[in-house]
Number of protein chains: 2
Amino acid sequence: MINKNAPHPLYHQVKDHLEAKIVSGEWPKGFQIPTEKELAERFEVSTITIKRAVLELVHQGVLYRQRGKGTFVTSKKETDLQSLVTLKYGQKEGVKHPHHTKEFHTQEANLLIAKLLEVDEEDKVYKLSRIKMNDSMPIGLEYTYLPVKLLPDLKEEMIQDELLYSVLQNHYSIELGKAKIYFSTLTANEAEAELLQIPVGEQLFVIERFTRTVQGEVIEYSKFIVRQEHYQFYIEVNI
Amino acid sequence: MINKNAPHPLYHQVKDHLEAKIVSGEWPKGFQIPTEKELAERFEVSTITIKRAVLELVHQGVLYRQRGKGTFVTSKKETDLQSLVTLKYGQKEGVKHPHHTKEFHTQEANLLIAKLLEVDEEDKVYKLSRIKMNDSMPIGLEYTYLPVKLLPDLKEEMIQDELLYSVLQNHYSIELGKAKIYFSTLTANEAEAELLQIPVGEQLFVIERFTRTVQGEVIEYSKFIVRQEHYQFYIEVNI
């Protein structure tokens, strides 16, 4: 199988073989791959070569490691980015993936939040922190800030089971205009790692959403921090 | 400035102060921040505290480090994801950010490419590898695969200065249908690090694009690997 006289490195060949098993479906999504020792025996190469090939596939996101358990074929849920801002998705979503509320209170907007919500630093804002769960596993952190003056008397119960956009439209009769959604990543710090039960330093996806009313006021700023293992984000566009 | 008797850690306070300087514009985009020693003196805390605050902001992508140069306020170009699939953007783009072609040839589709392009493993495909430049700095790697049977006699010169979508439409009279764009990240391996002149292990954005004709055939698969320092991707949606 492996040609030890080929010009390109051995681990490239091993990587190609492993990739072929995944692409062909011989190793399906979620499958636990054999140990490095087993693979080294099967391919008749050193475990160092196997390690390097596996590491490349981990770095590419094709495989992932679970500490103390082994190495698995990545299985991500395809998620349409547009669905993050539609109500239809949200209504199903709220039931399927409940939130655990950590914080809900009003506070003065600090410099950063004031800038994001386009309010004054002394203006009051609601701060909502939630953990998104999936089968009792934490999969994401959500931080939402809302201007108090546009949403008087918002109560935690109102957003407990209902989607935020529904509350804005139905309880406050706010006409929503546009949402702008930014993408980035961050390296989990201690607090994030603890909340998500992951190692410090894991790369996480960050989605920031600004929602404006049809009048152009910022009605919401949210920051979603989600595990990459769980989502494969995409958009689909007509050309 | 710093309250040493406050209940939350000192580095949190330092981080808040640094963030305020950035948000207020006192430290503008691209600004080189003072050294850790200078900051430690200014805030009257240890350099360990400063290091930790700075590291958190680096992990959040607010600051970035350049080896041997110092720490800077991140300055990213806002890039509309939709623009990746419009011709208007591309035409300007081709001139402003030229490509350096590394590879252009036909080959047999291997298992992975065959699956992605929905062709047989024995079918011929074009492989195009390019480096995207900005002011003679490499900022991204682009790998494109195209099915030969739908695009006979494609020549390197044809796509040298013209955008791929224009070539498909104008030279081949292909009606483009939908594009699906996936988002992920990867950790730079040695080859990628060398091509992009960055350290091994840097987190890179990966954008994969599948383009279909109106008949539904996959006409193109591209993988763009870009530096996070240079782009802030977003989409804007009407609600």
Side-chain angles (χ1 to χ4, degrees), chain A residues 16 19-25 52 55-56 58-62 76 78 80-82 84-87 110-116 165 169 175-189 192 201 203 205-206 208-212 214 228 231-239, chain B residues 16 19-25 52 55-56 58-62 76 78 80-82 84-87 110-116 165 169 175-189 192 201 203 205-206 208-212 214 228 231-239:
Chain A
D16 287 347
E19 221 163 6
K21 283 181 191 297
I22 295 163
V23 172
S24 70
R52 183 137 186 215
L55 191 64
E56 285 263 321
V58 168
H59 282 167
Q60 281 177 24
V62 174
K76 289 179 179 180
E78 285 213 2
D80 188 345
L81 259 176
Q82 312 257 8
L84 281 178
V85 286
T86 64
L87 293 174
N110 59 34
L111 188 62
L112 178 62
I113 300 304
K115 194 157 177 179
L116 297 174
Y165 277 9
Q169 290 178 316
E175 270 190 89
L176 299 174
K178 286 185 175 189
K180 195 166 180 183
I181 300 168
Y182 288 90
F183 259 85
S184 55
T185 59
L186 67 72
T187 308
N189 65 17
E192 289 146 358
Q203 286 289 313
F205 252 123
V206 180
E208 287 172 281
R209 180 178 73 184
F210 293 85
T211 310
R212 287 179 190 272
V214 283
Q228 294 203 44
Y231 294 105
Q232 167 80 293
F233 291 106
Y234 70 89
I235 56 166
E236 199 160 31
V237 192
N238 289 310
I239 299 163
Chain B
D16 287 347
E19 221 165 5
K21 283 180 193 295
I22 295 162
V23 172
S24 69
R52 185 140 184 212
L55 191 64
E56 285 264 320
V58 169
H59 282 168
Q60 282 178 23
V62 174
K76 289 178 179 179
E78 284 212 2
D80 187 345
L81 259 176
Q82 312 258 9
L84 281 179
V85 286
T86 64
L87 295 173
N110 58 33
L111 188 63
L112 178 62
I113 300 304
K115 195 156 178 179
L116 297 174
Y165 277 9
Q169 290 178 315
E175 269 190 89
L176 299 174
K178 285 185 178 192
K180 195 166 180 183
I181 301 168
Y182 288 91
F183 260 86
S184 56
T185 59
L186 66 73
T187 308
N189 65 17
E192 288 145 359
Q203 285 290 312
F205 253 123
V206 180
E208 288 172 281
R209 180 178 72 185
F210 293 84
T211 309
R212 287 179 190 272
V214 285
Q228 294 204 44
Y231 294 105
Q232 167 81 292
F233 291 105
Y234 71 89
I235 57 165
E236 200 159 32
V237 192
N238 289 309
I239 300 164

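Worth knowing before you read on, the calculation uses all heavy atoms, side chains too, and leaves out hydrogens, waters and symmetry mates.
- How far OG of B/S184 is from CZ of A/F233: 11.5 Å, rounded to the nearest 0.5 Å.
- In this structure, B/N189 and A/E56 have side chains that are in contact, with non-hydrogen atoms separated by less than 4.5 Å.
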Candidate pair A/F183 and B/F183, rule ring pair (Phe, Tyr, Trp, His ring centres under 6.0 Å), full reasoning: CA-CA 9 Å; A/F183 259 85; B/F183 260 86; 4.3 Å; yes
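- How far OH of A/Y182 is from CD1 of B/I235: 12.0 Å, rounded to the nearest 0.5 Å.
- When the candidates B/G201, B/G61, B/G177, B/A20 are compared by the number of heavy-atom contacts under 4.5 Å with chain A, B/G177 comes out ahead.
- Of the listed residues (B/Q60, B/E78, B/E175), the greatest number of heavy-atom pairs within a distance under 4.5 Å of chain A belongs to B/E78.
- Looking only at heavy-atom pairs under 4.5 Å with chain A, the residue among B/V58, B/L112, B/L55 that has the most is B/L112.
- Taken to the nearest 0.5 Å, the CG atom of A/L111 stands 11.0 Å off from the CD1 atom of B/I22.
- Of the listed residues A/D16, A/T187, A/N110, A/L186, the one with more heavy-atom pairs under 4.5 angstrom with chain B than any other is A/T187.
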Does B/T185 form a side-chain hydrogen bond (donor to acceptor under 3.5 Å, both in side chains) with A/Q228? I'd like the steps, not just the answer. CA-CA 9 Å; B/T185 59; A/Q228 294 203 44; 2.9 Å; yes
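- With rounding to the nearest 0.5 Å, the separation of NZ in B/K180 from CG in A/D80 is 8.0 Å.
- Looking at B/F210, there are no atoms closer than 4.5 Å to chain A (heavy atoms on both sides), in backbone or side chain.
- Between the side chain of A/K178 and the main chain of B/E236, no donor-acceptor pair closer than 3.5 Å is present.
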